[in-house]
Amino acid sequence: MSEQQPESSSYDVHAVEEKWQPVWDQIDPFRADDAAVVAGEREKRYALTMFPYPSGDLHMGHAEVFALHDVLSRYWKFRGYEVLNPMGWDSFGLPAENAAIRNDEHPATYTYANIETQYESMKRYAVSFDWSRRLHTSDPEYYHWTQWLFLKLREQGLAYRKNSPVNWCPQDQTVLANEQVLADGTCERCGAEVTKKELTQWYFKTTHYAQELYDCLDDLQDSWIGKVVNAQRNWIGRSEGAHVVFEIEGHGPVTVFTTRPDTLFGATFFVVAADAKLAAEICTDEQRGAFEAYVDDVRKASDIDRMSTERPKTGVFLGRYAVNPVNGERIPVWAADYVLADYGTGAIMAVPGGDQRDYDFAKAFDLPIIHTVQPPADFEGEAYSGSGPAINSANDEISLNGMDVAEAKSTIIAWLESKGLGNGTVNFRLRDWLLSRQRYWGAPIPIIHCPACGEVAVPEDQLPVELPELRGADLKPKGTSPLGAATEWVNVDCPACGGPATRDTDTMDTFVDSSWYFFRYLSPNDDTQAFDPALAEAWGPVDFYLGGDEHAVLHLLYARFFTKAMRDMGLITWDEPFTAYLSQGKVINNGRKMSKSLGNGINLGAQLDEFGVDAVRLTLVFASPPEDNIDWADVSPAGSLRFLQRAWRLSGDVTSEPGVDAVTGDLTLRKLTHKTVHDAAQLLESYRFNVVVARIMELVNATRKAIDSGCGPADPAVREATETVALLLSMVAPYTAEEMWERLGHQPCVAQAPWPTVDPALLVEDTVTAIVQIQGKVRGRLEVAPDISEADLEAAALADADVVRAIDGREVRRVIVKAPKLVNIVV
RNA sequence: GCCGGGUUGGCGGAAUGGCAGACGCGAUGGUCUCAAACACCAUUGUCCGAGAGGGCGUGUGGGUUCGAAUCCCACACCCGGCACCA
């Protein structure tokens, strides 16, 4: 016995990993069955986690997201759902291209080598992916359908080309979407300061769905993590207000957007964005020189200073007057850079009495200020934008005076509408998605430019438009797409007229690739269509999506846009792609983000080598609620390993035979076992994975105690408890669980075992602990029957020796009884 | 400035109107050992007390309630989103 002690008190984590991987490969328990779901034999669950970009090997962040994701996927399988849990690679993108330039090779070399590395790591990490659905967005078999979807969007009028000032990253030498420029004006990818360039580029018309993208957030409010819903609301930026038409003398009517039409009587001047075409059109010849000088100044200053709200107001008079439609007042028209060209109509009515920016401008240029809302007596500010009765707001036909803001708004809108001078409307901050990129390693835009026919779509039967073979120095960024250098590729016959024409040389933003990949998982090998609509109907939408905060707006908004567009094309029937969404926290170290420059990186491979896959997974799941950051300095993979060994040791101590009837087993342990299973299910449904682990630990502790100093290792309840530990643990620590399962005398694999049946009778306690409070403070405890009457409980409480002593002769004024749990005595 | 989320022991966190601090980390003491490591056992919010026991305690201040970490009001601080968006 003593000789065997070392051998049986721990197991070799690496040997166990090598032992089970081939067994699982053979059993292949996680392959999703399309037929069963299409036929409705089993209820489906689509579990999705964001597919990685293949830069090097997996890191701690991947380890966390996969560990969390796998708990839920495996749980769903246990509960009898047919689970779709696919994985692939978002494999177009700049790092591969930059590596190719550095190493004089093709981007595919870097990309596919890293994919293999990551694939091997994922296999070792034992995530329950259905590998038969693996895809890579850089495969022609995949981007064929990315291109096809682009053409479909274009047919719907949702993809178009326009000339416009765009965000330009001088580092990456390509344009960027609004979503890819951070709040501080830097590139989301490389951190370089983004500048503006005037270019003709492709856009997706995301604004077409602005209202719906906004409204559907209400439905996602409870099932998506709140901060992402909030971020999307802020990004889409819905504002209710009105369009109001101002006649500009000598020019014509110009419409403005305002959220405060009730303040129209206070509009004392009119401002046009200096960089809008409209400003140049309105400007009189006399003011032309001053205007152009101002525009020059604005251009120089813009990108650095324009972010600052503290900057003093600047502008220039355009030499014309607009007529305020409510009172006929002639108000001067100015150009200024505090009005944005691409929001609203690029022109505003300025109400300095009610808007601080307009107030600042009025002060700077000595323009009149009229208050149209009565500020409270103690108001000490300048512009007043709060609530209160309207003042100074009447003409011959209408008076708003005395009305509150809401009433004044609706009244004036009705009046404007009756006069044809405006209407109530809604405006959005969201802009269209700029999708062209001047880089190589992406899906070519399947358009041919013909001098005679203009833009011509590449015929569907000629898709995919494959990338020409370029490598190394050919790919160096030069401000225009590297594809332009592939002369043979670029020059083609026009599909419409047969004349000489050229291909579009830009590639698509890689966010296009990832906007629809969750559909391709349904039909990853179908070379006749993007996906089978019948499978989409059966599997979709995604039931649970786990990913990173960095995609709160970007990817999640784009995927929502694609889904709505695909619905309107008749490809699918639902409105939203992801029924539930959760973003996991980051793995940090010592209070800081891991980074090379700080030298505080934790290498996942090294952690796996030291503690094993299961201990690392357990550590990440147990550390905190999934959405919170995990500081690696605060957690203990060694402690996790210790726990796993403790759990595993139980399986060696059980002496009863498999299949023994648990009914005769120790009741206390049985009750804990059944309660643990019951609670675990509820906790898992609400993603409370860390608490589930704590409950498994409690069960392990209790089972240990039962073996050592309780009912003993032969008691059937000990087997039941240990088997339950193995089953529950398999969601977090699959290797340890499989090893336990085998030692308990079962065939592999534990993932195919059924979820333990909870006996409701065992969830009922024989006695419960009633607490007795005096003045709300706990002063005694009573063991009572769960069905004790309130009167009996009160009597028992008042008779209790501790309670009598605590009352200390004082008069009992009131007794609150909540049988069977609580008595509160008020003295 | 606007919108959202948060603040609980030395640390990560439990408890969502009824025993605050589950579970774990760390720490301290012990068993084992020649010794150490591992493992195991015990203690571990804080203050008073020899002890029994008691006081205090969930960012701050108020409120509702027999009873509040939990609900309400105000404030402070932290994190995230938007921001010259009319």
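First the proteins, then the strands, lettered A, B, ... as listed; each starts at 1.
The partner of B:rG53 is B:rC48, judged by Watson-Crick or G-U wobble contacts that both fall below 3.5 Å. Applying the Watson-Crick and G-U wobble criteria (two distances, each under 3.5 Å), B:rC82 pairs with B:rG1. Here B:rG17 sits opposite no nucleotide as a Watson-Crick or G-U wobble pair (both hydrogen-bonding atom distances under 3.5 Å). In this structure B:rA39 sits in a base pair with B:rU31, meeting the Watson-Crick or G-U test at under 3.5 Å. Base pairing analysis places B:rA22 opposite nothing; no Watson-Crick or G-U wobble pair with both distances below 3.5 Å involves it. B:rA76 and B:rU7 make up a base pair, with Watson-Crick or G-U wobble contacts both under 3.5 Å.
Contact annotation for A:A694: base contact, defined as any heavy-atom pair under 4.0 Å involving a base atom. Heavy atoms of A:R646 sit under 4.0 angstrom from primed sugar atoms or phosphate atoms, though from no base atom. Residue contacts for A:V635: at a heavy-atom cut-off of 4.0 Å it reaches no nucleic acid atom on any strand shown. Looking at heavy-atom distances under 4.0 Å, A:N690 makes contact with sugar-phosphate atoms alone, never a base. Here A:R779 lies in heavy-atom contact (under 4.0 Å) with sugar-phosphate atoms only. Using a 4.0 Å heavy-atom cutoff across all strands shown, A:R642 reaches sugar-phosphate atoms only and no base atom. Among the atoms of the strands shown, none is found under 4.0 Å from any heavy atom of A:D342. At a threshold of 4.0 angstrom between heavy atoms, the contacts of A:K821 with the nucleic acid are absent. Here A:S239 lies in heavy-atom contact (under 4.0 Å) with sugar-phosphate atoms only.
With B:rA86, B:rC84, B:rC19 as the candidates, the nucleotide lying closest to the side chain of A:D355 is B:rA86. Of the candidates B:rG67, B:rC84, B:rC19, the closest approach to any side-chain atom of A:T769 belongs to B:rC19. Considering only the side chain of A:V339, B:rA86 comes nearest among B:rG18, B:rA86, B:rG80. The A:M697 side chain lies nearest to B:rC23 when the options are B:rA83, B:rC19, B:rC23. If you check B:rA39, B:rG24, B:rC84 against the side chain of A:Y338, the one that comes closest is B:rC84. In the set B:rG12, B:rA15, B:rC40, the nucleotide with an atom closest to the side chain of A:R688 is B:rA15. The side chain of A:R649 approaches B:rA39 more closely than any other nucleotide in the set B:rA39, B:rG24, B:rA83. Distance from the side chain of A:D634 is smallest to B:rG12 among B:rC66, B:rG12, B:rG13. Across B:rG13, B:rC84, B:rA86, the shortest atom-to-atom separation from the side chain of A:Y343 is found for B:rA86. Set against B:rC19, B:rA86, B:rG67, the side chain of A:V778 has B:rC19 as its closest nucleotide.
Remark: the A:D549 side chain and the B:rG80 base include no donor-acceptor N/O pair separated by less than 3.5 Å. A donor-acceptor contact under 3.5 Å is formed by the side chain of A:Q773 with the base of B:rG18. Residue side chain A:N234 does not reach the base of B:rC82 through any donor-acceptor N/O pair under 3.5 Å, judged by distance alone. If you check distances only, the side chain of A:K227 never reaches the base of B:rC79 with a donor-acceptor pair under 3.5 Å.
Between A:N701 and B:rG24 there is a side-chain N or O to OP1 or OP2 distance below 4.0 Å. The side chain of A:R233 contributes no N or O atom lying less than 4.0 Å from OP1 or OP2 of B:rC3.
Taking atom C1' in both B:rA69 and B:rG59, the straight-line distance is 12 Å, to the nearest Å. The gap from the P atom of B:rU43 to that of B:rG49 amounts to 23 Å, rounded to the nearest Å.
As a whole-Å value, the separation of A:W235 CH2 from B:rC3 C1' is 15 Å. As rounded to whole Å, 17 Å separates atom C1' of B:rC2 from atom CZ of A:R238. Per the geometry, CZ belonging to A:F622 stands 13 Å off C1' belonging to B:rG26, to the nearest Å.
In this structure, A:K313 fails the cation-pi test against A:F361, since its NZ or CZ atom is not both closer than 6.0 Å to the six-membered ring centre and inside 45 degrees of the ring normal.
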Run the numbers on A:N178 and A:N167 for side chain to side chain donor-acceptor pair (under 3.5 Å), then give the verdict.
-> CA-CA 7 Å; A:N178 269 342; A:N167 300 304; 3.1 Å; yes

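Applying the 6.0 Å contact sphere to NZ of A:K821 captures no more than 12 heavy atoms from other residues, nucleotides or ligands.
Taking the O4'-C1'-N9-C4 or O4'-C1'-N1-C2 dihedral as appropriate, B:rG9 has a value within 90° of 0 and is therefore syn.
Annotation: A:F365 is in aromatic contact with A:W334 [ring centroid separation under 6.0 Å].
Of all heavy-atom pairs between A:A276 and A:A341, the closest is CB-CB, 3.9 Å.
Ring orientation note: the planes of A:Y384 and A:F379 are nearly perpendicular, at an angle over 60° on the 30°/60° scale. Using cut-offs of 30° and 60° on the angle between ring planes, the pair A:W224 and A:Y581 is tilted.
Using a 4.0 Å cut-off between charged nitrogen and carboxylate oxygen, A:K409 and A:D262 do not count as a salt-bridge pair.
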